[in-house]
Engineer: 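Encoded as structure tokens, here's the structure I'll be asking about.
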Protein chains: 2
Amino acid sequence: MSKAAIVSMHVIRRLPSYYRCLKELQKNSVNKISSSELSEKIGVSESQIRQDLYNYGNFGKQGYGYDVIKLYNALKRILGLDKTYNTIIIGAGNLGQAIANYTDFEEIGFNLKGIFDINPRLFKIKIRDAKIMDINILEDFLATNKIDIAILCIPRDNAQVIADRLTKCGIKAIWNFSPIDLKVPDDVILENVQLSDSLFTLSYRLNEDDLFKRIKKEK
Amino acid sequence: MSKAAIVSMHVIRRLPSYYRCLKELQKNSVNKISSSELSEKIGVSESQIRQDLYNYGNFGKQGYGYDVIKLYNALKRILGLDKTYNTIIIGAGNLGQAIANYTDFEEIGFNLKGIFDINPRLFKIKIRDAKIMDINILEDFLATNKIDIAILCIPRDNAQVIADRLTKCGIKAIWNFSPIDLKVPDDVILENVQLSDSLFTLSYRLNEDDLFKRIKKEK
DNA sequence: TAGATTGTTAATCGATTAACAATC
DNA sequence: TAGATTGTTAATCGATTAACAATC
């Protein structure tokens with residue numbers, strides 16, 4: 001089991017798109033927005049937007065709507081984006097390197113402190129400010145560096161073993177790109193990005209009409 | 001709007017983890033599995049597994065359970081993984097290149113036919129079998145090559161324009177990695193992988209306890 | 001004050017779980 | 001035949017939508 005959230009995950013997963021929208025509005029110097037205008041932009045009902053925000057407090061004014069800057073800052077705080085986080089990447093393959101190179105995350109406060117791999121040929125290579133290190137020194141590294149988030153980009157087979165080592169060292173959040181349903185302790189936050197699951201969902205939907213035509217015929 | 005699915009997306013998004021599990025079982029030469037055993041492995045209730053499968057037909061035997069190979073093949077077919085797909089990647093930045101290099105997708109039938117970018121310095125570079133080409137020839141390329149899925153890995157600002165060009169050329173499925181809520185015609189399938197949204201959800205959850213302590217205090 | 005829009009409760013809808021008859 | 005487990009309907013639970021009082 002992974003840590004359970006207080007608010008429904010349905011709500012939580014909508015917050016980033018609210019945040020993205022408010023960020024854009026703010027950039028465009030819009031001062032004010034109503035839930036019905038937001039609804040149109042984001043594709044979520046206005047009722048749901050108000051209901052979602054209601055979980056966290058009152059950010060609007062009756063008869064007026066929401067002050068863009070105020071709501072933007074509220075969402076930023078709610079999402080924990082007013083803080084910074086130290087991260088490490090496990091696995092310096094294509095995906096690991098791509099994420100290491102993706103400077104957008106750095107800009108918003110996710111600071112990459114190191115990369116780990118088993119391949120000695122990669123050791124001492126630097127990706128931006130982060131060294132690629134031997135996975136064998138993982139425990140030592142974590143004992144002397146305060147890391148908030150471990151980003152797992154390794155093949156399926158080793159993923160659970162590495163996850164166990166990470167949580168044993170006190171890592172409290174794993175961003176998992178390995179195609180496996182990891183088991184982590186109750187107090188650890190696990191966020192999965194299953195690229196292949198996403199791709200399979202796409203191929204499913206490309207075929208759904210045909211599938212049901214075939215199912216109908218077979219009856 | 002993007003194309004609506006026949007079966008609930010809740011069900012569809014569980015199918016890949018069923019598929020992954022059955023693939024593993026098959027590899028380990030397990031012959032038989034019951035919904036309650038599957039439930040334990042996947043972390044979904046046995047009732048839900050039976051209910052989900054029920055959408056697509058009857059794959060088990062009363063008093064016995066499911067034949068692993070039979071259910072595996074059924075899921076493969078349901079997910080459309082018994083076919084092959086031609087893909088292109090738009091955007092040869094870090095993420096685009098990482099996906100291009102990710103041979104796992106190729107092995108299961110997603111064949112990369114080309115990569116497009118605006119940066120002339122990248123043209124003619126090959127990533128595995130796929131050339132990086134000028135985005136200006138996108139329309140020509142699509143007129144002469146049957147492409148099933150476009151993988152969008154470009155910055156936010158151009159994403160909608162490129163999506164419009166793709167759908168105008170008859171592309172019926174977009175796997176979108178750009179951090180933007182794209183608008184596509186009703187008959188186009190849009191599958192989003194919002195990496196930053198996923199990371200924001202993670203930072204939210206790292207802070208949720210504190211957040212609610214603060215909210216409580218403010219009352 | 002009148003109009004607008006939030007905050008918040010109540011009603012509805014849909015997804016999940018429970019139950020059990022069918023049947024291997 | 002007895003035991004087990006699916007297929008399938010019914011009951012429950014939770015999420016979304018609707019409604020409207022509060023109030024700017």
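Naming: A, B, ... by sequence-line order, numbering from 1 per chain.
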Engineer: Measure up the A:Tyr72 and A:Tyr19 rings against each other and bin them: parallel (under 30°), tilted (30 to 60°), perpendicular (over 60°).
Structural biologist: parallel

Engineer: When you measure from every atom of DNA chain D, which of residues 18-39 of chain A have a heavy atom less than 4.0 Å away?
Structural biologist: none

Engineer: Salt bridge (Lys or Arg N to Asp or Glu O under 4.0 Å), that's the test. Do A:Asp82 and A:Arg77 meet it? Break it down for me.
Structural biologist: CA-CA 5 Å; A:Asp82 53 345; A:Arg77 190 185 123 170; 5.4 Å; no

Engineer: Report each atom pair, protein N/O against N/O of nucleotides 21-24 of chain D, whose distance is under 3.5 angstrom.
Structural biologist:
unit_1 : atom_1 : unit_2  : atom_2 : d
D:dC24 : O4'    : A:Gln62 : O      : 3.3
D:dC24 : O2     : A:Gln62 : O      : 3.3

Engineer: For the pair made of CD in B:Gln48 and P in C:dG14, what is the distance, rounded to whole Å?
Structural biologist: 17 Å

Engineer: So, does B:Arg14 get its side chain near the phosphate of C:dT16, meaning an N or O under 4.0 Å from OP1 or OP2?
Structural biologist: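 Yes, within the criterion.
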
Engineer: May I have the step-by-step check of salt bridge (Lys or Arg N to Asp or Glu O under 4.0 Å) for B:Asp181 and A:Lys41, ending in yes or no?
Structural biologist: CA-CA 9 Å; B:Asp181 296 313; A:Lys41 281 183 178 292; over 6 Å; no

Engineer: Hey, does the Lys NZ or Arg CZ of B:Lys32 hover above the aromatic six-ring of B:Tyr66, less than 6.0 Å from the centre and inside 45° of the axis?
Structural biologist: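 No cation-pi geometry.
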
Engineer: Within this structure, what is the CG-to-P distance between B:Asn55 and C:dA15, rounded to whole angstrom?
Structural biologist: 10 Å

Engineer: Which whole-number value in Å describes the distance from A:Arg13 CZ to D:dT16 P?
Structural biologist: 13 Å

Engineer: Would A:Tyr85 and A:Phe110 count as a close aromatic pair, with their ring centres under 6.0 Å?
Structural biologist: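 Yes, the ring centres sit under 6.0 Å apart.
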
Engineer: Could you measure the distance from the CD atom of A:Glu208 to the CD1 atom of A:Ile215? Nearest 0.5 Å is fine.
Structural biologist: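 Output value for this atom pair is 9.0 Å.
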
Engineer: Measure CG/B:Leu53 against C1'/C:dT16 and give the value in whole Å, please.
Structural biologist: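 From B:Leu53 CG to C:dT16 C1': 15 Å.
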
Engineer: Without decimals, in angstroms, what is the distance between B:His10 NE2 and C:dC13 P?
Structural biologist: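 After rounding, the gap between these two atoms is 17 Å.
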
Engineer: Taking atom P of C:dC20 as reference, at what distance in whole Å does atom CD of B:Glu46 sit?
Structural biologist: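 That distance rounds to 15 Å.
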
Engineer: Sequence neighbours left out, what pairs pass salt bridge (charged side-chain N to carboxylate O under 4.0 Å, His left out) with at least one residue falling in residues 102-116 of chain B?
Structural biologist: B:Glu106-B:Arg128

Engineer: Are A:Asp148 and A:Lys146 ion-paired here, with the side-chain N under 4.0 Å from a carboxylate O?
Structural biologist: yes

Engineer: Fill in the dot-bracket string of DNA chain D, one character per base: . for unpaired, | for a pair to another strand, ( ) or [ ] for pairs within the strand, taking Watson-Crick or G-U pairs under 3.5 Å.
Structural biologist: ..||||||||||||||||||||||

Engineer: Under 3.5 Å, side chain of B:Ser2 to main-chain N/O of B:Leu190, donor-acceptor pair present?
Structural biologist: yes

Engineer: Would B:Lys183 and B:Asp164 pass as an ion pair if we require N to O under 4.0 Å?
Structural biologist: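 The answer is no: the pair does not qualify as a salt bridge.
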
Engineer: Working to the nearest 0.5 Å, report the span between CD1 of B:Ile162 and CD of B:Gln160.
Structural biologist: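 CD of B:Gln160 is found 10.5 Å from CD1 of B:Ile162.
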
Engineer: Is it the case that the side chain of B:Thr87 and the backbone of B:Ile149 share a donor-acceptor pair, with hydrogens and angles ignored and the cut-off at 3.5 Å?
Structural biologist: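 It does not hold such a pair.
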
Engineer: Polar pairs (N or O, both sides) under 3.5 Å between protein and nucleotides 8-12 of chain D?
Structural biologist:
unit_1 : atom_1 : unit_2  : atom_2 : d
D:dT8  : OP2    : B:Asn58 : OD1    : 3.3
D:dT9  : O4     : B:Gln51 : NE2    : 3.2

Engineer: Between B:Asp187 and B:Lys172, is the salt bridge (Lys or Arg N to Asp or Glu O under 4.0 Å) condition met? List the steps.
Structural biologist: CA-CA 7 Å; B:Asp187 63 335; B:Lys172 287 287 173 280; 3.5 Å; yes

Engineer: Taking CG from B:Asp52 and P from C:dT17, how many angstroms apart are they, rounded to a whole number?
Structural biologist: 10 Å

Engineer: Return the value, rounded to whole Å, for the distance between atom OH of B:Tyr56 and atom P of D:dG7.
Structural biologist: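 For the pair B:Tyr56 OH and D:dG7 P, the rounded distance is 15 Å.
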
Engineer: Kindly write out the residues that satisfy ring pair (Phe, Tyr, Trp, His ring centres under 6.0 Å) with B:Tyr54, not counting sequence neighbours, or none if the list is empty.
Structural biologist: none

